[in-house]
Amino acid sequence: MVGRAGEPVGLGPDRRAAARGRRGDRLFHGAAATAGVLVVLIVVLITVFLVVHAVPALLHDQANFLTSRSWDVSVPMSFGILQLLWTTVATSVLALAIALPFSVGIALFLTHYAPPWLSRPAAVLIDLLAAVPSIVYGLWGAYIVAPKFAPIQDGIQHLLGWIPLFGGVSAISGGTTMLLVGIVLAIMVLPIMTAINREVLAKAPAAQQEAALAIGATKWEMVRTAVLPYGRAGIISGAMLGLGRALGETIAVMFILSALPQGSAWTWSLFNGGETFASKIASDAAELTPGLGTGAYIAAGLVLFLLTFVVNAVARLIIDGKKDFSE
Amino acid sequence: MSKRVDVSDLHVYYGDFKAVEDVTMTIAPRSVTAFIGPSGCGKSTFLRTLNRMHEVTPGGRVEGTVTLDSEDLYAPGVDPVAVRRTIGMVFQRPNPFPTMSIRNNVLAGLRLNGVKEKATLDETMERSLRAANLWEEVKDRLGKPGVSLSGGQQQRLCIARAIAVEPQVLLMDEPCSALDPISTLAIEDLIGRLKADYTVVVVTHNMQQAARVSDSTAFFNLAATGKPGRLVEMNDTATIFSTPSQRVTEDYISGRFG
């Protein structure tokens, strides 16, 4: 390329294109930065909204917010989240405990064991589970599964009733228990967890898999040595996404779970009914009026928000703790 | 612990595609055998049939026989897992397990075999790392991740991992192609020492390397584009590089093609 006199060869003629390129850069930089700031801003605004509305209600609370099980929001207010917190956490953790091994197993099967003609349609089918609306899961759980599930629960209770988690609860019948909610939630979070695990496990590098085989690993040993450890961080992330969804699931829980009778005794049993944060807020939404009473529900929402936040932070810590040992 | 490999009339297929045709050769124990040839000539593919690693690729299969001291590797009922425990392999790119420490990388094979006694593990680890000429460099940081080492060190770690299970044969698929010249020298040095105990087979693109490290050399080539790879000739390395019997070998080693 020959430049005009006084201009460095190769730098001159394309100046306009370069300027255009810089403009594109600036635009893209601006768009990306805006998006990034917006995300932070939204989180901050939500927090501010929750805190501003929750604090006045909390100040008027006659009971201990963290340890009380009653929920009375007419003045004088006396409300606490213990029952809600337990129901929310127990059903979600149960859902995670069921969904995690299944999703890892399904993902492993699809990525490392199934022939291609099977793995692709099967993956689509599982993704379809995610497209089923929550309300359908709720109806299905409450009206189809629950009656059939009741005798099974009775059986479990007879066998394992000595464990507090499986103790009998006389007030709740018909199978619409936390245990059933946990199972339905597990099915609901299964697709997203499976999809993530599938992505992660499919990306396990072939080089390490061959390395494992070359030192005489069987297929399963290869998976254990070179695939699962590689996918660990992704599997945890997927589990946390699933847990987050389970914690916040509203309509299905509302449909399935039997409400607790007034003044029922505390029990650790999964055969209990109750309400989660989300289902409580949704089922009482019709009666909400601006003011202190609503503040109590917003305070409950704030706890749910913090709960998901903590869950994500813990997941981060677990993943970062092993950073040295990843590529 | 070094055995002889005999290959006769071996054809390698991937599905219907014939990748390598009609290889017959003998690989002597306690020696280094080099496979050379242009890219895509099937030398790596053929190497992978020696420990049945080609079966990992869908559709990979062979016709013909490979024997290890007259034991047929492809006889019905022979477990490929057992074959790979006997015939170890080192790959083109260093591939230590990223989630494991240096120590656990070396011991991965032993752990798979269920060895648990700490004394045995410690002894094997030190012996393997010494044999891979890496012990002095890593003995103070055995708990560090294997991937924290340099590329050349990682490759020696992989060699230590391969010999920790005490194989009879060690296959190396272009072990230096991802390494710098100094690390390459260290590996070549190591190959020269490993042949005291193992049957070593090295695939290499680098003819000087073949000339430096091997006792015998096999030259592979394609009959034509799209045709399967084949073994052109095999002989003492000195003979191959001075007076090859085939014209095409001479053209290749003198740099006229490939």
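- Contacts between A:Ala206 and chain B at a heavy-atom distance below 4.5 Å are absent for every atom of the residue.
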Practice problem: Before giving the answer on side chain to side chain contact (heavy atoms under 4.5 Å, CB included), spell out for A:Thr225 and B:Met100 the whole-Å C-alpha distance, their side-chain angles and the decisive distance to 0.1 Å. | Solution: CA-CA 9 Å; A:Thr225 314; B:Met100 289 187 196; 3.4 Å; yes
Quiz item: Could you walk me through whether A:Glu221 and B:Arg85 pass the salt bridge (Lys or Arg N to Asp or Glu O under 4.0 Å) check?
Solution: CA-CA 13 Å; A:Glu221 288 167 340; B:Arg85 275 183 195 167; 3.6 Å; yes
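- For the options A:Pro116, A:Pro115, A:Ala212, heavy-atom pairs under 4.5 Å to chain B are most numerous at A:Ala212.
- A distance-only check finds no donor-acceptor pair linking the side chain of B:Arg84 to the backbone of A:Ile215 [under 3.5 Å].
- Between the A:Gln208 side chain and the B:Pro96 main chain, a donor and an acceptor come within less than 3.5 Å of each other.
- Between chain A and the options B:Met89, B:Arg161, B:Arg93, the largest number of non-hydrogen pairs under 4.5 Å is found for B:Arg161.
- Side-chain contact check for A:Glu210 versus B:Arg48: some heavy-atom pair is nearer than 4.5 Å.
- The backbone N or O of A:Ala207 sits less than 3.5 Å from a side-chain atom of B:Asn95, completing a donor-acceptor pair.
- Annotation: B:Arg111, atom CZ; neighbour count of heavy atoms from other residues, nucleotides and ligands within 6.0 Å is above 12.
- Of all heavy-atom pairs between A:Leu213 and B:Val56, the closest is CD1-CG2, 3.3 Å.
- Taking both residues in full, the closest heavy atoms of B:Phe97 and A:Ala226 are given as CE2-CB, 4.2 Å, listed atom of the first, atom of the second, then distance.
- Annotation for A:Tyr113: atom OH counts as buried by contact number, over 12 foreign heavy atoms lying within 6.0 Å.
- Taking both residues in full, the closest heavy atoms of B:Leu112 and A:Arg224 are given as CD2-NH2, 4.4 Å, listed atom of the first, atom of the second, then distance.
- More than 12 heavy atoms of other residues, nucleotides or ligands lie within 6.0 Å of CD in B:Glu63, so this atom counts as buried by the packing criterion.
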